[in-house]
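Report on the following structure.
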Amino acid sequence: MRLATWNVNSIRTRIDRVTAFLERGDIDVLAIQELKCREDQFPWQQLTDAGYEVAMVGHNQWNGVAIASRVGLSETSIGFPQTPAWGDDQVSEARAIRAIVGEKVGLPIELWSLYVPNGRELDHPHYAYKLQWLANLKEHIAAELAERPDAKISLVGDFNIAPHDEDVWSMEFFEGKTHVSQPERDAFFAFLDAGLTEVTRERVTQYTYWDYQQLRFPKNQGMRIDFVLASPALAELVTGAEIDRNERKGKGASDHVPVIVELE
DNA sequence: ATGCCAACACAATGTTGA
């Protein structure tokens, strides 16, 4: 089974690139982030025509996550217990969706498509929100793993954290900025402490994001912030991982590229 | 070679992203 995750930065703008990628990459399951649309604006038809079932959540023009699968899709749920709300008016944001995929090929996986809050600035309320969001999600996953140690669980998506110095093109540039701070990194490592493995790092060393500005892509000044985490029972089934770097080229590219994992 | 910010809402700028 081929599983991918991709922050598309607007599914409406990128739908043709998405369907082309699914075909070219022979992708069975795609976790999507930054849909930037509501349910009634989502391009259902194109994905259905391509043979995929889709579960999505999108409240407005921001955030939005989805799972598209051609190998089964069931038991969809949105968010997680104790999902923090954002801001003074306590808005519920569309940043996490979960479903069981792969049952049609005898490999049922509990898959989470995640768009971790950005954080904005180290002293911004969004930063505290980001850390709380990560901590509460980790608690939920840790409890699940404690109850079912053999569960095949995968957390994928845009984590908006560069866990190691080599995951950004310049630590000097990111001094004092979000994504590289120790509390964010600790929040990420807490998932590993809970028993998950980041199955991409040992197989892919490239960045997954390059800013649109300043010729960041041609200069290869990027960040590694999109990951595939897997529970022990799932991690042992991973046989390969790659990114689709070509997807960042040309007019109309997302600023993130797909991260692909091969299972069994 | 990838190429010098983009997408959204809304109607001129403001928000968000990382």
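Residue numbering restarts at 1 for every chain, and letters A, B, ... go by the order of the sequence lines.
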Next item on the list: Report yes if the side chains of A:N9 and A:R14 come closer than 4.5 Å at any heavy-atom pair, otherwise no.
Entry: yes
Next item on the list: Could you tell me whether A:R224 and A:E198 make a salt bridge, using a distance below 4.0 angstrom between a side-chain N and a carboxylate O?
Entry: yes
Note to self: Taking A:R70 first and then A:D28, would you say they form a salt bridge - that is, a charged N and a carboxylate O separated by under 4.0 Å?
What the structure shows: yes
In this structure, how many angstroms lie between the [atom2] atom of [N] and the [atom1] atom of [X], rounded?
| X | N | atom1 | atom2 | answer |
| --- | --- | --- | --- | --- |
| A:E184 | B:dA18 | CD | C1' | 10 Å |
| A:Q206 | B:dA1 | CD | P | 18 Å |
| A:N246 | B:dT2 | CG | P | 9 Å |
| A:E175 | B:dA18 | CD | C1' | 16 Å |
| A:N7 | B:dT16 | CG | C1' | 12 Å |
| A:D226 | B:dA18 | CG | C1' | 11 Å |
| A:Y209 | B:dT16 | OH | C1' | 11 Å |
| A:D158 | B:dG17 | CG | P | 10 Å |

What's the gap between [N] and [M] when it is taken at their [atom1] atoms, as a whole Å value?
| N | M | atom1 | result |
| --- | --- | --- | --- |
| B:dC8 | B:dC4 | C1' | 23 Å |
| B:dC5 | B:dA1 | P | 23 Å |
| B:dA6 | B:dA18 | C1' | 13 Å |

Notebook entry, point to check: What string of B, S and - do you get for nucleotides 3-9 of chain B, 5' to 3', if B is base contact, S is sugar-phosphate-only contact and - is no contact with any protein heavy atom under 4.0 Å?
Noted result: BBBSSSS
Item checked: A:R216 to A:F173, cation-pi by 6.0 Å centre distance and 45° axis angle ->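 A:R216 over A:F173 ring: yes.
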Next item on the list: Determine yes or no for a side-chain-to-main-chain donor-acceptor pair under 3.5 angstrom, with A:S231 supplying the side chain and A:G195 the backbone.
Entry: no
Item checked: Residue mapping more 5' on DNA chain B - nearest nucleotide basis, A:R95 or A:K219 ->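 The 5'-side residue here is A:K219.
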Notebook entry, point to check: For A:R2, which of A:E242, A:E264, A:E23 qualifies under salt bridge (Lys or Arg N to Asp or Glu O under 4.0 Å)?
Noted result: A:E242
Note to self: Can you confirm whether or not the ring centre of A:W169 sits under 6.0 Å from the ring centre of A:Y209?
What the structure shows: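 No, the ring centres sit 6.0 Å or more apart.
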Checklist line | Residue-phosphate contact under 4.0 Å: A:H179 side-chain N/O, B:dG17 OP1/OP2 | finding: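 Result: no.
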Note to self: At 4.0 Å (heavy atoms only), tell me whether A:F159 reaches a base, stays on the sugar-phosphate, or touches nothing.
What the structure shows: nothing
Margin query: Need one value for A:H124: base, sugar-phosphate or nothing, where a base atom within 4.0 Å counts as base even if backbone is also close, heavy atoms only.
Written below: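 If one applies the 4.0 Å heavy-atom cut-off, A:H124 turns out to touch nothing in the nucleic acid.
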Check: When only distance counts, do a donor and an acceptor, one from the side chain of A:R120 and one from the base of B:dT16, lie under 3.5 Å apart?
Finding: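 No, the side chain and the base share no sub-3.5 Å donor-acceptor pair.
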